[in-house]
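Predicted model only: the values in this text are computed from it and were never measured.
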Amino acid sequence: MTDKNQNDSSENKKSLNFIEQIIEEDLKLGKHTEIITRFPPEPNGYLHIGHAKSIILNFGLGNSYNGKTNLRFDDTNPEKEDVEYVDSILEDVKWLGFNWDGEVHYASDYFDQLYEWAIKLIKDGFAYVDDQTGEEISASRGTPTRPGNKSPYRNRSVEDNLELFYRMKNGDLKDGEKVLRAKIDMSSPNMHMRDPVMYRIKHAHHHRTGDKWCIYPMYDFTHGQSDYIESITHSICTLEFENHRPLYDWFLDHIYEKGRIRPRQIEFARLNLSYTVMSKRKLAELVEGNYVIGWDDPRMPTISGLRRRGYTPESLKVFTEKVGIAKRENIIDVGLLEFSIREHLNKAAQRVMVVLDPLKVTITNYPEGQNELLPAVNNPEDETMGKREVPFSRTIYIEKEDFKEEANRKFFRLKLGSEVRLRYAYFITCNEVIKDKDGNITELLCTYDPLSKGGKSPDGRKVKGTLHWVSAKHASDIEVRQYDRLFNDEAPDSHKDKNFKEFINPDSLTIIENCKAEPFLLKAKAGDKYQFERKAYFTLDKDSNKEKLIFNRTVTLRDSWKKQSK
RNA sequence: UGACCGAUGGUGUAACGGUAGCACAUCUGGUUUUGGUCCAGACAGCCAAGGUUCGAAUCCUUGUCGGUCAGCCA
């Protein structure tokens, strides 16, 4: 909805990426009055954050220029595709918050039209049926530095080609027996122009067209034409399709009718994230090898994984904005992704106190059996989120790491004989440490200052530390799943001599049971987001039930103490 | 030994022939009832060589490095 054209004239105009520049130029020259983009996934797997970049780019462009964006499934290879994938893709796009124009489109909707165009190319002398085997075709294609050889079947008559192509379509032939090829140039320096295959025979059941077809068009003979049918103005794809562009244009040249929208292919660099892998094949390997629990494992860079991890659509949009659109290869620091979700959750997440690694503290001068409710701020960044009441009593839990018998003055948490603040509660002083026979600390005996209620001392004395805590008898046990990066290497799939799986981080998941949570957290519903104060952001996992709440750690808070103490 | 594309701080990304800017990361301070947030500051860059020009990150040439392409995958 932001109007980029308007921004042009404003003082603090935002710089445009190269695609926006192309669009604005096209609009200015009157080449188009409205732009139409599209997101064209093949339904053969789950979407990942790289797809999210493409979705946000395409739909974002549609929105900012008051144009339209189509969702189209590129379903020309029935053997690899399934409705399971179209469903998950639909869900992911919707979750990101985008609405496609009109109905969902499918390349398979255009199979009849594509077939007609193939006939036209045959009649015009630009396509022929080739009887060679796959190996023969491959061998005669040449290499990037050596031209290929023409097929012996290249000069068949139009009539023969028509007849043979009809037989291919009719099911008279077996898989692989013949293909339809475009007649272009076997010595082209661009491999894609060396008589590319347009149709192959596949006696396979298609998830939408069923058994109607036994020949299926190739990507190159489908994509540009689908764009053309849908009047796509700007067909945006990733860099590896750069070499396909001459072919994209060649097919369009042979079917284009004057006066219609002629789509233009534009390529941008795909997203790479540090400490992970992004290819569908490798992600599938992680799932199939049980390195993760599924496509939506919170450690996966899939959209469903990020969603389960606690990422928000807003944070992914901000992330994409910060990453930018350009043509150079890149590896984005995963820290930028983490920054984006922290930024959003800092503003949006409900605060709550949870002790992950509990240490029992008894406040000896607090009356036994007494309880009180203390007001706590729900979100210091957003007053409208109000306050809640947290129960306090004689026995509480604090984090084990928040206590040391002795420590230097840089450690401003609880020490023997020193005073700290319990957030929203009281100042307490530690007087005695109780240990088991092995010397492990099992309990702390402290006293509190009744005058410091709410965490303020009337005499104005200061304490350096403020700890989170949970009242023992009011605490609920919850399970917490702490995720770390899946790989220990910045670019696990960049090593020529090593398999990416060698770099899997064995400690990418740590489960902690029996964390102590304040009662407020019992209200949580799947997907709700919280900041466990002083620790991290968490979201309630869908595996939770009434007996057991499970929280996924989305991302830790920045921790300059941890850094300093290292 | 081909074609196409690319090269700006550690990582990303701006500049459209006229002061190399922004974000993340890192490091200092300040504020703080989260060692969070916020605020202030520091660090750090045009692949190389020629050429055009009053002036080049930007235009040209050459080189270097990197990516993509030899599926009946997309």
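- Across the C1' atoms, B:A7 and B:C43 are found 24 Å apart, a figure rounded to whole Å.
- Among the atoms of the strands shown, base atoms are found under 4.0 Å from some heavy atom of A:Y219.
- Using a 4.0 Å heavy-atom distance criterion, A:K462 is classed as making no nucleic acid contact.
- One can place CZ of A:F221 at 15 Å from C1' of B:C72, the figure rounded to the nearest angstrom.
- In this structure, A:F551 has its ring center closer than 6.0 angstrom to the ring center of A:F532.
- Inspection of the A:N379 and A:E381 side chains reveals no N or O donor paired with an N or O acceptor under 3.5 Å.
- In this structure, A:R558 reaches the sugar-phosphate backbone alone: every heavy-atom distance under 4.0 Å involves primed, P, OP1 or OP2 atoms, never a base.
- At whole-Å resolution of the value, CZ in A:R342 and C1' in B:C24 are 11 Å apart.
- A:F221 has its ring centre less than 6.0 Å from the ring centre of A:F251.
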Check nucleotides 43-46 of chain B for protein N or O atoms closer than 3.5 Å to its own N or O atoms and list the pairs.
none

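- Remark: B:A3 base-pairs with B:U68. Criterion, Watson-Crick or G-U wobble with two distances under 3.5 Å.
- Glycosidic torsion of B:G10 falls outside 90° of 0, placing the base in anti.
- Distances were taken from every side-chain heavy atom of A:E533 (C-beta onward) to each of B:U34, B:A74, B:G36; the shortest belongs to B:U34.
- Of the nucleotides present, B:G12 is the one that pairs with B:C22 by Watson-Crick or G-U wobble criteria, both distances under 3.5 Å.
- Per the geometry, CZ belonging to A:R423 stands 12 Å off P belonging to B:G36, to the nearest Å.
- Distances were taken from every side-chain heavy atom of A:V179 (C-beta onward) to each of B:A25, B:C72, B:G35; the shortest belongs to B:C72.
- Side-chain N/O atoms of A:N243 and base N/O atoms of B:U68 include a donor-acceptor pair closer than 3.5 Å.
- Side-chain atoms of A:R351 come within donor-acceptor range of the base of B:U34, with a qualifying N/O pair under 3.5 Å.
- The six-membered or imidazole ring of A:F111 lies near that of A:H206, with a centre-to-centre distance under 6.0 Å.
- A:K347 comes within contact range of no nucleotide atom at all, as no heavy-atom separation falls under 4.0 Å.
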Item checked: A:Y424 vs A:F392, ring-ring contact (aromatic ring centres under 6.0 Å, His included): CA-CA, chis, key distance, verdict -> CA-CA 10 Å; A:Y424 301 126; A:F392 185 79; over 10 Å; no
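- As judged by a 4.0 angstrom heavy-atom cut-off over every strand, A:Y216 is placed among residues making no nucleic acid contact.
- Considering only the side chain of A:R534, B:G35 comes nearest among B:C69, B:G36, B:G35.
- Nucleic acid contact class of A:R194 (heavy atoms, under 4.0 Å, all strands): none.
- Of the side-chain N and O atoms in A:K202, one or more sit less than 4.0 angstrom from OP1 or OP2 of B:C73.
- Remark: B:U52 base-pairs with no nucleotide; criterion is Watson-Crick or G-U wobble with both hydrogen-bond distances under 3.5 Å.
- Side-chain contact, A:D172 with A:Y166: no donor N or O sits under 3.5 Å from an acceptor N or O.
- No donor-acceptor pair under 3.5 Å is formed between the side chain of A:R485 and the backbone N or O of A:T276.
- Following rounding to the nearest Å, A:L557 (CG) and B:U37 (P) show an atom-to-atom distance of 7 Å.
- Note on A:P41: nothing from the nucleic acid sits closer than 4.0 angstrom, heavy atoms only.
- Side-chain rings of A:F241 and A:Y248 stay apart, their centers remaining 6.0 Å or farther from each other.
- Between the CH2 atom of A:W561 and the P atom of B:U34 there is a distance of 17 Å, given to the nearest Å.
- RNA chain B is contacted by A:S138, A:R141, A:G142, A:T143, A:P144, A:T145 of residues 138-154 of chain A, taking any non-hydrogen atom closer than 4.0 Å.
- Residue contacts shown for A:Y199 are absent, as no nucleic acid heavy atom lies under 4.0 Å away.
- On a pure distance criterion of 3.5 Å, a polar donor-acceptor pair joins the side chain of A:H244 and the base of B:A74.
- Remark: A:R156 fails to qualify as a cation-pi partner of A:Y128 under the 6.0 Å distance and 45° angle criteria applied to the six-membered ring.
- Aromatic ring centroids of A:Y106 and A:F73 lie under 6.0 Å apart.
- One atom, CG of A:D220, and another, P of B:A70, lie 11 Å apart when rounded to the nearest Å.
- Because its NZ or CZ atom is both nearer than 6.0 Å to the ring centre of A:F411 and within 45° of the ring axis, A:K404 counts as a cation-pi partner of that residue.
- Applying the side chain to side chain contact (heavy atoms under 4.5 Å, CB included) test between A:S235 and each of A:N58, A:D227, A:I266 identifies A:D227 as the sole match.
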Would you list the protein and nucleotides 11-14 of chain B atom pairs, both N or O, that sit under 3.5 Å from each other?
| unit_1 | atom_1 | unit_2 | atom_2 | d |
| --- | --- | --- | --- | --- |
| B:U11 | O3' | A:I331 | O | 3.2 |
| B:U11 | O2' | A:I331 | O | 3.1 |
| B:G12 | OP1 | A:I331 | N | 2.7 |
| B:G12 | OP1 | A:I331 | O | 3.4 |
| B:G12 | O5' | A:I331 | O | 3.4 |
| B:G12 | O2' | A:V323 | O | 2.9 |
| B:U13 | OP2 | A:R328 | NH1 | 2.7 |
| B:U13 | O5' | A:R328 | NH1 | 3.3 |
| B:A14 | OP1 | A:I325 | O | 3.3 |
| B:A14 | O2' | A:S15 | OG | 3.4 |

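- Within the structure, a side-chain polar atom (N or O) of A:R200 is placed less than 4.0 Å from OP1 or OP2 of B:C73.
- A:Q531 places its CD atom 10 Å from the P atom of B:G35, with the value rounded to the nearest Å.
- Between A:F412 and A:W561, the ring planes are tilted. Angles from 30° to 60° get that label.
- The base-pairing partner of B:G35, taking Watson-Crick or G-U wobble contacts with both distances under 3.5 Å, does not exist among the strands shown.
- Going from the C1' atom of B:G17 to that of B:U28 covers 39 Å, rounded to whole Å.
- Contact between the side-chain N/O atoms of A:S340 and the OP1/OP2 oxygens of B:C24 is not found at any separation under 4.0 Å.
- Side-chain N/O atoms of A:E79 and A:Y216 include no donor and acceptor closer than 3.5 Å.
- In this structure, B:A74 makes no Watson-Crick or G-U wobble pair, since no nucleotide meets both defining distances under 3.5 angstrom.
- Counted by atom type alone, A:T466 and A:R421 present one or more donor-acceptor pairs between their side chains at under 3.5 Å.
- Residue A:M186 contributes atom CE, which lies 19 Å from atom P of B:A3 at whole-angstrom precision.
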